[in-house]
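From a predicted model like this one, the values you see are computed outputs, not experimental measurements. Both counts, for ligands and for their atoms, begin at 1 and track the order of listing. Computation of the quantities below employed the complete heavy-atom set of this structure, encompassing side-chain atoms and omitting hydrogens, waters and symmetry-equivalent molecules.
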Amino acid sequence: MAVERTFAIIKPHVVVDGNSGDVISLIERNGFDIVGMRKMHISQELAQQFYNVHNQKPFFGELVGNIAASPVIVMALERDGAIGAWRDLMGATNPDAAAIGTLRAMFGKNISFNATHGSDAPETASYELGLFFADL
Ligand code: ADP
Ligand code: MG
């Protein structure tokens with residue numbers, strides 16, 4: 001499998017609850033190299049750009065508001081098959097459906113507060129990494 005990079009976010013509620021260290025630890029233990037990492041407060045404007053693909057969804061406003069509510073940790077992760085491997089470690093979008101041992105099962109509260117973000121394909125990974133880690 002080829003070495004890839006993917007884009008990850010530890011969402012605001014995880015940071016507020018003091019659980020970001022546990023998530024970062026699991027990222028390292030699962031063989032990801034954290035090639036970029038920054039704590040930042042995503043602006044409303046950047047959130048709209050980032051979630052642009054969802055702009056027709058009924059929950060778009062809520063989605064943007066939640067990610068821009070308070071600081072997050074954004075990361076560029078590198079590994080063999082990083083995009084799929086990170087989606088696997090996160091688990092299903094809805095924490096109620098996420099497999100035991102996945103991040104969303106452990107740290108997600110519900111579908112709106114589901115702990116983490118991960119790119120879903122090579123094209124979205126390069127778009128998202130470009131928005132947050134243009135320097136890489
Ligand atoms: P994923 O984050 O697993 O890639 P999506 O790209 O489909 O999922 O959705 C982006 C984010 O929007 C999800 O992580 C979740 O927080 C939120 N979301 C998805 N579906 C819903 C929904 N039906 N109601 C509210 N929020 C949702
Ligand atoms: Mg998605």
Per-pair distances, ligand 1 N/O vs protein N/O, less than 3.5 Å:
{"from": "ligand 1", "atom 1": "2 (O)", "to": "Arg104", "atom 2": "NH2", "distance (Å)": "3.0"}
{"from": "ligand 1", "atom 1": "3 (O)", "to": "Arg87", "atom 2": "NH2", "distance (Å)": "3.1"}
{"from": "ligand 1", "atom 1": "3 (O)", "to": "Thr93", "atom 2": "OG1", "distance (Å)": "2.5"}
{"from": "ligand 1", "atom 1": "3 (O)", "to": "Arg104", "atom 2": "NH1", "distance (Å)": "3.0"}
{"from": "ligand 1", "atom 1": "4 (O)", "to": "Arg87", "atom 2": "NH1", "distance (Å)": "2.8"}
{"from": "ligand 1", "atom 1": "4 (O)", "to": "Arg87", "atom 2": "NH2", "distance (Å)": "3.3"}
{"from": "ligand 1", "atom 1": "6 (O)", "to": "His54", "atom 2": "NE2", "distance (Å)": "3.2"}
{"from": "ligand 1", "atom 1": "8 (O)", "to": "Thr93", "atom 2": "OG1", "distance (Å)": "3.4"}
{"from": "ligand 1", "atom 1": "14 (O)", "to": "Lys11", "atom 2": "NZ", "distance (Å)": "3.2"}
{"from": "ligand 1", "atom 1": "14 (O)", "to": "Asn114", "atom 2": "ND2", "distance (Å)": "2.9"}
{"from": "ligand 1", "atom 1": "16 (O)", "to": "Lys11", "atom 2": "NZ", "distance (Å)": "3.2"}
{"from": "ligand 1", "atom 1": "16 (O)", "to": "Ile111", "atom 2": "O", "distance (Å)": "2.8"}
{"from": "ligand 1", "atom 1": "16 (O)", "to": "Asn114", "atom 2": "OD1", "distance (Å)": "3.4"}
{"from": "ligand 1", "atom 1": "16 (O)", "to": "Asn114", "atom 2": "ND2", "distance (Å)": "3.4"}

Short question: side chain of [X], backbone of [Y] - any donor-acceptor pair under 3.5 Å?
X      : Y     : value
Arg38  : Ile73 : no
Asp17  : Asn19 : no
Asn114 : Asn94 : no

When the aromatic ring centroids of Phe132 and Phe7 are compared, is their separation below 6.0 Å? yes
So, for Phe50 and His117, is the gap between ring centers shorter than 6.0 Å?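 Yes: the rings meet the under 6.0 Å criterion.
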Can you tell me if Asn66 and Lys11 form a side-chain donor-acceptor pair at under 3.5 Å?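 Not at all, the side chains of Asn66 and Lys11 share no donor-acceptor pair under 3.5 Å.
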